[in-house]
Amino acid sequence: MSNEIGLTGPTQQFINDMTALGATARADGPRILYDVVAVGGALNGQTMTTGVSVSEVQSWPMVPPHWIHLPDSVAFPETNMDDIDCQPGWKRHSRDFSYTDMSMPPALAWLRHVRGFISIAIPKAA
Amino acid sequence: MRYSVAMTGEVEAAMRDHLIREDGQEDVLAATYVLSTGVERTTALIKSVVFPGEGERLVHGNASFTSGYVLRASNEARAAGHGLALLHSHPGSRGWQLLSDMDWETESEYERVARGITKMPLLGMTLGGRDTSWSARFWFDRSAPTWAESVRSVSPKLAVTWNNEIRRIPSITRSQQRTVSSWGERTQSSIARLRVLVVGGGSVGLDVAQRLAATGLATVGVMDYDAVETVNLDRMIGATRLDAALGRSKVKVASRLMKSAATAESFEIHNHEVSITDPVGVSAALDYDVIFSCVDRPWPRAVLNALAYTDLIPVIDGGIALDTFPDGRMRNGIWRAHTLVPGRPCMACLGQLVIGDIPLDKQGLLDDPEYIAGAHREAPSRQNVAALSASVSAALLAQFVSLTAHPGGRGVPAPLRHVLSTHTLEHSVATSGPYCAYENATTAGDTRTPIAEHREDWRAIVYERATKKSPFRLRALAAAEDILQRAISRLK
């Protein structure tokens, strides 16, 4: 793994904010990776590595990311997905993020969103 | 380059409370500032107040700084990456204040100290105690200051002190008599000098721009990179079939209509065929005192939502949503208007900007039918009718009057929501969230988090329009229309 691109202020801020909440984040080329624990669904109780594209946090925290990076082994009933900025064997998934509660830190809102998404994962079809 | 100073109402009140003494003597104060740099205007945003400690200033009729106070304030400014401002009061004076020999000498001497420590010019400010008017100057070297054009205090009430030498009071014209009789010459002279930008030249923006011109404003800008299409003609009042046939830019149409409506003796129009979501659009917007947000997409509204706080430029925003029954009949219509200033909640806190939609808009996904279907989202509602878009522009303009003329001594109201089906006007009780990234960036100035991005898509649209050749018949009609417009504009 390499840190191929320089981190802007907002990117570093995203890393710091996620790390401060216990989701230790690290840059990995064109993406930032961090770990979350699924609280339901097929992955219940498992610690999953997930991430976002660096290009999506250039205006953090005023503009949140959208796409959630996950290994191919994680499946969902229905999402838009592609493999932009993903490492081999990964996909990024789209899930509407309806964050409007400004009484909550932006990173906590994002973390809850991601955790909620991972918790609706379904078993991958054989 | 023009220069100005801006501060929040909260900062202004803190400085005013210190500088206006009960014993009637002068006082002095230090503060720090950051810059907000536009294309034609640089603004110093007062960031924090550095109150004097015991023995750090001398009050003896004419107050004076001690060098220890100036050094401490300079070092605090440098540590924060700010510049230094030195302020003093003239308790018995009113209006824009000039410098006495003694004040000149003091600021000139401290200019070198401030610049040496902070690497930024010294900002000098004076408060006239009789009418709490502010004046300001930038010291780029010690020989002479460069005077600011205006100082604005931004809160639910916008209060601007103008430097009449640089931004002269526009004459009141015969056609403005009824306007001036509504709020007086003093208010007219301040409103008329505001530089106001309308972002979005559609149904609401076009209406707002014309009414600002008719009010007597001397400078109005319109920003839009799009063109008039036939589908717009049911709402863009004043736009013609010829405009649609030629594919004229919305800013050109707005310019023509504003010229017709203008009542100022000298009216200056700025056409910005750019996008507010691009850094060039942001730089242009930083030259203005008030901005109307007449756009409906998340990304441009996010950019404007940020500028209202980071650069202390009040943004008046609103919109309309029409709801229909399954059989197509109208169920309801709701239009909203709110002014984004420190002391009032931002669009995100109001729930009027879903920030999770901003990245979708940036990536073009809200226009991608395949994505919309895959996400099981509803396509954005596009219903609108001319009869109701006028209600939106009226609501926005009423906010402008409250902001600038303060009827009843009040500024802008809480965000308003008009519900057509129940005929009710609701005042929002929404408050600012403690973690709001927009409001917490108040007075960030040039250190603002960039939301705009350089893009080629809108540039391609503008370029294609500029290079497109219309059929001869349309060009002939356009030329005839131009001759007619010029002739009309020469009428007194």
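Remember, predicted model here, so these are calculated numbers, not experimental data. Here is the naming used below: chain letters follow the sequence lines, and residue numbers restart at 1 for every chain.
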Legend entry - chain A interface, residue from B:Ile355, B:Leu350, B:Leu353, B:Asn305 that has the most non-hydrogen pairs under 4.5 Å: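 Option with the greatest count: B:Ile355.
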Is it true that, when you exclude [X] itself, more than 12 heavy atoms of the residues, nucleotides or ligands shown sit nearer than 6.0 Å to its [atom1]?
X	atom1	answer
B:Glu456	CD	yes
A:Arg95	CZ	no
A:Gln12	CD	yes
B:Tyr435	OH	no

Inset, instruction - In sequence, state the C-alpha distance, the side-chain angles, and the governing distance for A:Asp96 and B:Leu360, and then conclude on side-chain contact (heavy atoms from CB on, under 4.5 Å). - result: CA-CA 9 Å; A:Asp96 279 356; B:Leu360 296 179; 4.0 Å; yes
Tell me, for [X] versus chain A, whether the close heavy atoms (under 4.5 Å) come from the side chain, the backbone, both or neither.
X	value
B:Ala302	neither
B:Glu453	neither
B:Leu365	side chain

Can you say whether [X] sits under 4.5 Å from chain B via the side chain, the backbone, both, or neither, judging by heavy atoms?
X	answer
A:Pro10	side chain
A:Gln13	neither
A:Trp60	backbone

Inset, instruction - Mind listing the closest non-hydrogen atom pair of A:Pro64 and B:Pro359 along with its distance? - result: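 Scanning both residues, the minimum pair turns out to be O-CG, 3.3 Å.
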Legend entry - From OG1 (B:Thr449) to CD (A:Gln58), nearest 0.5 Å: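 Going from OG1 on B:Thr449 over to CD on A:Gln58, the span is 10.5 Å.
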Inset, instruction - Calculate, to the nearest 0.5 Å, the distance between atoms OG1 and CE belonging to A:Thr100 and B:Met347 respectively. - result: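 The CE atom of B:Met347 is 15.0 Å from OG1 of A:Thr100, to the nearest 0.5 Å.
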Inset, instruction - In sequence, state the C-alpha distance, the side-chain angles, and the governing distance for A:Ser59 and B:Lys362, and then conclude on side-chain contact (heavy atoms from CB on, under 4.5 Å). - result: CA-CA 11 Å; A:Ser59 302; B:Lys362 286 179 75 169; 3.9 Å; yes
Legend entry - Option among B:Pro345, B:Cys349, B:Cys346 that satisfies the side chain to side chain contact (heavy atoms under 4.5 Å, CB included) test with A:Met102: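 Exactly one candidate clears the test, B:Cys349.
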Inset, instruction - Check the pair A:Met62 / B:Thr310 against side-chain contact (heavy atoms from CB on, under 4.5 Å), numbers first and verdict last. - result: CA-CA 12 Å; A:Met62 288 174 163; B:Thr310 56; 4.2 Å; yes
